[in-house]
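First up is the structure itself, then whatever we jot down about it.
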Amino acid sequence: GTSSEEAIYDNNGNMTSKTTSIWNMTTQKWMHSEREAYRYNAQGRITSVEHIKWDKKVNKWIGIMHTTTTYGKRGEITSYQTFEWNNAQNKWEFSNKIVYEYDNQGRKLSETTQVHDDYGWYGVSRNEYEYSGKQLSSMTNYTGNGKVWTPSEYVTYTYKQSAGDKTTIRVQKKYDKDKDTFVDYMRQTTITDRHSNQLNQKVEMFSNGKWTLSRHEKSVLKYDGDGN
């Protein structure tokens, strides 16, 4: 073949690296093309992924993608960070990260996206979640500029159960800065069976003081008792 892959695994069976080589027809030799490296924590969860490629013009490895992930005691992701490759300095640099917060029941309370510049990290987007029991009841989104958070969107969720089918009503409201409140924007009603197969979905938009149907989809698929 014209390409070849070589993988290395640790004692736990986790792949720690994969190197792709291509066949050089001129030299009749295999040449490195790309390489991926993986790191894991004690529980076997991936904590770092690094993807680099061989640049034959400068005869060195350069970065394509690098991410790191941290976890909490329950195995939930607490942060996810990405890096960009600086060709001039031949190194990875901070790009952005997402930080997650949870309550003592493991429910996600917030999700904050941050970016990095010459002055450090600052927040650009934040979601805050509320629950009714185990079910998500609302989500509030804010946008940030490094100094203040500004409300952007508010979404509520209500649920109805009937004969095995579940109806989820998602109402999306957008922030009106002139009125300093959230106003109705879109309503999505989704019906799923007990296996979470979607049976019906209706989307309505709010305009001129009333809801107007925008899209209505009904599943043409039929499922057996096991949801297949």
Side-chain angles (χ1 to χ4, degrees), residues 1-102 106 108 111-127 143-144 146 192 195-198 201 217 219-224 226-228:
T2 57
S3 66
S4 173
E5 290 186 352
E6 179 184 5
I8 298 177
Y9 298 83
D10 62 19
N11 293 332
N12 296 316
N14 299 314
M15 184 168 63
T16 57
S17 71
K18 182 176 70 175
T19 303
T20 302
S21 301
I22 57 175
W23 183 254
N24 188 310
M25 297 297 292
T26 302
T27 63
Q28 294 292 294
K29 293 181 179 180
W30 289 105
M31 297 180 59
H32 289 322
S33 173
E34 296 184 9
R35 179 177 294 164
E36 299 173 17
Y38 304 87
R39 293 182 180 178
Y40 304 83
N41 61 14
Q43 290 72 42
R45 301 185 179 94
I46 293 178
T47 58
S48 172
V49 179
E50 185 181 36
H51 189 184
I52 59 179
K53 68 178 181 179
W54 182 257
D55 190 332
K56 59 184 179 182
K57 293 181 179 179
V58 294
N59 205 37
K60 66 177 182 181
W61 291 102
I62 61 173
I64 298 178
M65 180 271 292
H66 180 35
T67 64
T68 60
T69 307
T70 61
Y71 302 86
K73 294 180 180 179
R74 296 181 176 87
E76 71 277 14
I77 295 177
T78 54
S79 71
Y80 179 81
Q81 187 166 324
T82 61
F83 300 79
E84 292 180 345
W85 183 255
N86 186 319
N87 278 316
Q89 299 185 24
N90 200 41
K91 67 175 185 178
W92 293 108
E93 292 186 339
F94 293 130
S95 175
N96 61 68
K97 67 178 176 180
I98 305 175
V99 178
Y100 305 90
E101 295 178 307
Y102 303 83
K108 183 168 62 176
E111 176 180 326
T112 305
T113 301
Q114 304 174 352
V115 297
H116 193 275
D117 61 15
D118 294 337
Y119 300 98
W121 292 102
Y122 67 93
V124 294
S125 179
R126 178 177 173 84
N127 291 338
T143 57
T192 56
H195 299 288
S196 298
N197 296 311
Q198 182 174 306
Q201 185 177 81
E217 299 177 355
S219 176
V220 296
L221 300 176
K222 302 294 183 181
Y223 303 96
D224 61 22
D226 297 322
N228 299 313

[X]: partners by side-chain contact (heavy atoms from CB on, under 4.5 Å), with sequence neighbours left out:
| X | result |
| --- | --- |
| His116 | Phe94, Trp121 |
| Asn24 | Thr26, Thr27, Met31 |
| Ala7 | Tyr9, Met15 |
| Ser4 | Trp30 |

Beyond-backbone contact of Ile8 with Ser17, side-chain heavy atoms, under 4.5 angstrom
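The answer is yes; the side chains approach within 4.5 Å.
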Less than 4.5 Å apart, any side-chain heavy atom of Trp85 and any of Ile64?
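Trp85 does not reach Ile64 side chain to side chain.
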Indicate yes or no for a side-chain donor-acceptor contact from Asn87 to the backbone of Asn90 under 3.5 Å, with no hydrogens or angles considered.
no
For the [atom1] atom of [X] and the [atom2] atom of [Y], what is their distance to the nearest 0.5 Å?
| X | Y | atom1 | atom2 | answer |
| --- | --- | --- | --- | --- |
| Ile98 | Tyr80 | CD1 | OH | 8.0 Å |
| Thr19 | Glu5 | OG1 | CD | 9.5 Å |
| Tyr71 | Glu76 | OH | CD | 11.0 Å |
| Asn127 | Glu111 | CG | CD | 5.5 Å |
| Ile62 | Asn86 | CD1 | CG | 11.5 Å |
| Glu50 | Trp92 | CD | CH2 | 5.5 Å |

Which residues pass the side-chain hydrogen bond (donor to acceptor under 3.5 Å, both in side chains) test with [X], not counting sequence neighbours?
| X | value |
| --- | --- |
| Gln114 | none |
| Thr47 | none |
| Thr67 | none |
| Thr113 | none |

Between Trp61 and Arg35, does the side chain to side chain contact (heavy atoms under 4.5 Å, CB included) criterion hold? Intermediate values first, please.
CA-CA 9 Å; Trp61 291 102; Arg35 179 177 294 164; 3.6 Å; yes
Which residue pairs pass the salt bridge (charged side-chain N to carboxylate O under 4.0 Å, His left out) test when at least one of the two sits in residues 16-34, sequence neighbours left out?
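Every pair satisfying salt bridge (charged side-chain N to carboxylate O under 4.0 Å, His left out) with a residue in residues 16-34: there are none.
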Please list all pairs meeting salt bridge (charged side-chain N to carboxylate O under 4.0 Å, His left out) that have one or both residues in residues 77-101, counting only residues at least two apart or in different chains.
Glu101-Arg126
Non-hydrogen atoms of [X] and [Y] that approach each other most closely:
| X | Y | answer |
| --- | --- | --- |
| Ile77 | Tyr102 | O-OH, 2.5 Å |
| His32 | Ser21 | ND1-OG, 3.5 Å |
| Ser48 | His66 | OG-CE1, 3.2 Å |

For Glu36, check salt bridge (Lys or Arg N to Asp or Glu O under 4.0 Å) against everything at least two apart and list the hits.
none
Testing the 3.5 Å rule here: is there a donor-acceptor pair between the side chains of Thr82 and Asn96?
yes
When you compare the side chains of Thr78 and Thr70, does any donor N or O come within less than 3.5 Å of an acceptor on the partner?
yes
Donor-acceptor contacts, no H, no angles, side chain residues 52-59, under 3.5 Å, sequence neighbours left out:
unit_1	atom_1	unit_2	atom_2	d
Asp55	OD1	Lys57	N	2.9

Are more than 12 heavy atoms from other residues, nucleotides or ligands located less than 6.0 Å from atom CZ of Arg39?
no
Show your reasoning for whether side chain to side chain contact (heavy atoms under 4.5 Å, CB included) applies to Gln28 and Trp23.
CA-CA 7 Å; Gln28 294 292 294; Trp23 183 254; 3.7 Å; yes
